Amino acid sequence: MLKNPNGRLQVVCGPMFAGKSEELLRRVRRAQLAGLAVEVVNHALDDRHAAGRVASHSGLSIASRSVPDVRSLVGLVGDRELDLLAIDEAQFFGTELVPAVSRLVLTGMSVVVAGLCVTFDGRPFEPLPSLMALAEDVTKLTAVCAVCGQDAAFHQRVVADEVADASVAAPEHVGGIESYQARCRLHFGEQGGGSEVSSLG
Ligand SMILES: Nc1ncnc2c1ncn2[C@@H]1O[C@H](COP(=O)(O)OP(=O)(O)O)[C@@H](O)[C@H]1O
Ligand SMILES: Cc1cn([C@H]2C[C@H](O)[C@@H](COP(=O)(O)O)O2)c(=O)[nH]c1=O
Ligand SMILES: [Zn+2]
């Protein structure tokens, strides 16, 4: 592998609804305006939006490619000399993403990775914590607590069903506002929170 010093690893993390996808889209649009070679990748598990789009909760979206795993992601990049590779929903790729992204950055490509850094049961959610440790640049965002309006670094499942281990990517965990709420530290773990902060959407 030919090493090139220009690559940077950027991480955008936080809980659900924090604006991670919006920030990823902003960086991608900026790079496109500058005429850079950009690829946007999403995980195939994220089937909430039109196929081939990364979309935010507020409805912004951009064309993307969907891949089921890290191997396919690396295959999609191939030997193209991208300036920016943007990866959304990084939590679904698992820990294999860490060495793969490190190798790509070493070739001179900048990689921006957006994803959840905490699970719905309040544990660090790999691979984001490892990627944060290894990145040149980390942006940690918070959402608005659905109960009190304070900064929310957590989120809570609000549907009563049996789910698999929160730290493992699983189709039954995929969901949006119908299944999860942003919560501050104080209100994380409490039930309720139905419509206390009613202007969110
Ligand atoms: N509790 C909330 N806190 C902040 N934004 C929220 C909340 N609920 C819905 N939103 C909407 O979600 C948008 C962010 O969406 P998105 O970028 O997809 O976030 P993420 O990728 O972090 O889940 C906000 O601009 C806002 O319109
Ligand atoms: C908390 C949590 C969420 N998920 C799923 C739910 C959504 O499909 C995505 C996150 O979407 P967003 O763009 O960040 O809003 O991940 C999960 O798989 N595991 C969790 O612990
Ligand atoms: Zn709160």
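As the structure lists them, so they are numbered: ligands from 1, and atoms in each ligand from 1. Since this is a predicted model, take the numbers as computed values, not measurements.
Taking any N or O of Ser21, backbone or side chain, at least one lies under 3.5 Å from an N or O belonging to ligand 1. Here's the thing with Lys20: one of its N/O atoms is less than 3.5 angstrom from an N/O atom of ligand 2. For ligand 1, the polar-atom distance check against Ala182 finds no nitrogen or oxygen pair separated by under 3.5 Å. For the pair Phe17 and ligand 1, the shortest N or O to N or O distance falls below 3.5 Å.
The SG atom of Cys145, the Zn ion (ligand 3) and the SG atom of Cys184 define an angle of 110° (nearest 10 degrees).
Of all atoms in ligand 2, listed by their number and element, those nearer than 4.0 Å to a heavy atom of Val174 are 8 (O). If you number the atoms of ligand 1 from 1 as listed, the ones under 4.0 Å from a heavy atom of Ser56 come out as 16 (P), 17 (O), 18 (O). Counting atoms of ligand 2 from 1 in the listed order, those under 4.0 Å from a heavy atom of Gln91 are 9 (C), 10 (C), 16 (O).
Of the protein's non-hydrogen atoms, the one nearest atom 20 (C) of ligand 2 is Phe120 CD2, 3.4 Å. For atom 1 (C) of ligand 2, the nearest protein heavy atom (residue, atom name, distance) is His155 NE2, 3.2 Å. Closest protein heavy atom to atom 7 (C) of ligand 2: Gly175 O, 3.2 Å.
We find that Arg27 and Glu23 are joined by a salt bridge, their nearest charged nitrogen and carboxylate oxygen being less than 4.0 Å apart. The pair Asp121-Arg123 meets the salt-bridge criterion, with a side-chain N (NZ, NE, NH1 or NH2) lying under 4.0 Å from an Asp/Glu carboxylate O. For the pair Asp151 and Arg183, the salt-bridge criterion is not met [side-chain N within less than 4.0 Å of a carboxylate O]. Arg48 has no carboxylate O lying under 4.0 Å from a charged side-chain N of Glu178, or vice versa, which leaves the two without a salt bridge.
Heavy-atom minimum distance, Ala169 versus Leu45: CB-CD1, 3.9 Å.
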